[in-house]
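Since the structure comes first, as structure tokens, the remarks are kept for the end.
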Amino acid sequence: MATGRASVSASPLEVRAVKAVRSAAPVTVLALGVFGAVRGAGVLVLTLGSWWAGRDPLKVLGGSWDSVWYLGIAAHGYGRTQMWADTGSIQSDYAFFPLYPLLMRLGAAVLPGGLVPAGILVAWTCAAAAAVGVYRVGEAVIGPRAGLLLVGLWAALPHAVVLTLAYTEPLLAALAAWALYCLLRGRWLAAAGLAVLAGLTRPTGLAVAAAVSGMALHAVLVRRRREPEVWAAGLLAPAGWAGYVLAVGARTHDPLGGYFAVQRRWGSRFDFGYGALRSAERVLTGGHVPLATTVTVVLLGAAGLLAAALLMDRIPLPLLAYTAVLLVIAYGGAGFFESKPRFLLPAFPLLLPVAAVMARARPRTAVVVTAVLAGLGHGYGLYLLLVARVPL
């Protein structure tokens, strides 16, 4: 007797897709667990430290340094300028790209608590998405075990406290990681779309566009690819970054130079590394400098060594191109020297050689090393936010 319900069998493609999702889910949960354990401990340390210092942890997480500017843009739009008579600095909010404040505003429209909790929630959600993307890239390049260690190392970096603040680095890292993963898988249009969003997130989002456009150019000239999506990806990828730069130029009546004039008034410009070398000289010659300056010099030196190791390991070209642009921007830019390690936080491919070495060690050793690094990073993050008097 008929039951009245049609029996529909799944196609082989659907069956394979379901199996792939089921097999990937546990590893994704594990990657999130590693990231959550490291960064959750960091949030706990920061919360306890804030209470001990008599400060509201929510305001520390959602209203520190650049977060104040993002909150202002989300609440009132662009147009705020702040002048500092002692330094001659004229700071305009046009220096900040629009995607993150837009997400904050959208979050506040549907969630209780206002812009501060919304900004933190957006950042934490993006950080989680970034952790999964970092794992996927690591898994594709150096294997699943090393991919998990890559997530742990990235979460334990000295400036990884930024991944739990209302800052743009979590959003950029998420977009960059998944764009690079799409490039590794040959998904050109998806990579280009993510690059457009990265270019609307912060100035260093240009690195994602450079990786996509550079790989498209390589595919056309070297590999003789002629597919329309390759050409479209190469042309589309810089659109977000270029669009915002041109929009600021139009608002300031200087179409090509307006955005860069805004940055110069902040004290940010490209000086080919002269300012960074001067700071390194003061540290190496025993000059009186803050601890954050000394740590910055050490971290920039370590980044250079890791970049050399990355190059010798023959890492895929998209990762090299992306990391190289971030390094050029960090080393060559002047102004806010102590913020340079934060600018390099999305440069997670630098940690691939370390993760690969740790994957060959005993599991207990890898866990202990990651835990020690995380502890040092949590302490330093607390110092940066509550003690140091330098911009993060």
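For clarity, every value in this text was computed on a predicted model and none was experimentally measured.
Of the possible polar contacts, none joining the Y135 side chain to the V27 backbone as a donor-acceptor pair under 3.5 Å is found. A side-chain donor-acceptor contact under 3.5 Å links Y331 to the backbone of L300. Side-chain atoms of T252 come within 3.5 Å of backbone atoms of G249 as a donor-acceptor pair (strictly under, hydrogens ignored). Checked by atom type and distance alone, the side chain of Y167 never pairs as donor or acceptor with a backbone atom of V161 at under 3.5 Å. Of the possible polar contacts, none joining the Y380 side chain to the V295 backbone as a donor-acceptor pair under 3.5 Å is found. Between the W241 side chain and the T204 main chain, no donor and acceptor come within less than 3.5 Å of each other. Counting only distance, with no hydrogens or angles, the side chain of S213 and the backbone of A210 share no donor-acceptor pair below 3.5 Å. Side-chain atoms of S50 do not come within 3.5 Å of backbone N or O of P57 as any donor-acceptor pair. With hydrogens and angles disregarded, a donor-acceptor distance shorter than 3.5 Å links the side chain of Y100 to the backbone of G119. With hydrogens and angles ignored, the 3.5 Å screen pairs a side-chain donor or acceptor of H378 with a backbone N or O of V38.
Between the side chains of Q263 and R265, not a single donor N or O lies within less than 3.5 Å of an accepting N or O. Inspection of the T293 and E338 side chains reveals an N or O donor paired with an N or O acceptor under 3.5 Å. For T168 and R202, the side-chain atoms include at least one donor-acceptor pair closer than 3.5 Å.
No chain of hydrophobic side-chain contacts below 4.5 Å, direct or via other Ile, Leu, Val, Met, Phe, Trp or Tyr residues, connects L306 to F343.
Salt bridge present: D66 and R342 bring a charged side-chain N and a carboxylate O closer than 4.0 Å.
In terms of heavy-atom proximity, A155 sits nearest to R39 at O-NH1, 2.8 Å. Across every non-hydrogen atom of L189 and A232, the tightest pair is CD2-CB, 4.0 Å.
Counting heavy atoms from C-beta outward, V34 and T370 have side chains that stay 4.5 Å or more apart.
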Note to self: As a quick check of understanding, evaluate side chain to side chain contact (heavy atoms under 4.5 Å, CB included) for S279 and T296, giving each step before the final call.
What the structure shows: CA-CA 9 Å; S279 296; T296 298; over 6 Å; no
Next item on the list: Show the numbers, then the answer: is there a side chain to side chain contact (heavy atoms under 4.5 Å, CB included) between L180 and L184?
Entry: CA-CA 6 Å; L180 293 172; L184 294 175; 5.6 Å; no
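For an aromatic pair to be called close, the ring centres must be under 6.0 Å apart, and W69 with Y78 fails this.
Relative orientation of the Y244 and Y259 rings is perpendicular, given thresholds of 30° and 60° on the angle between their planes.
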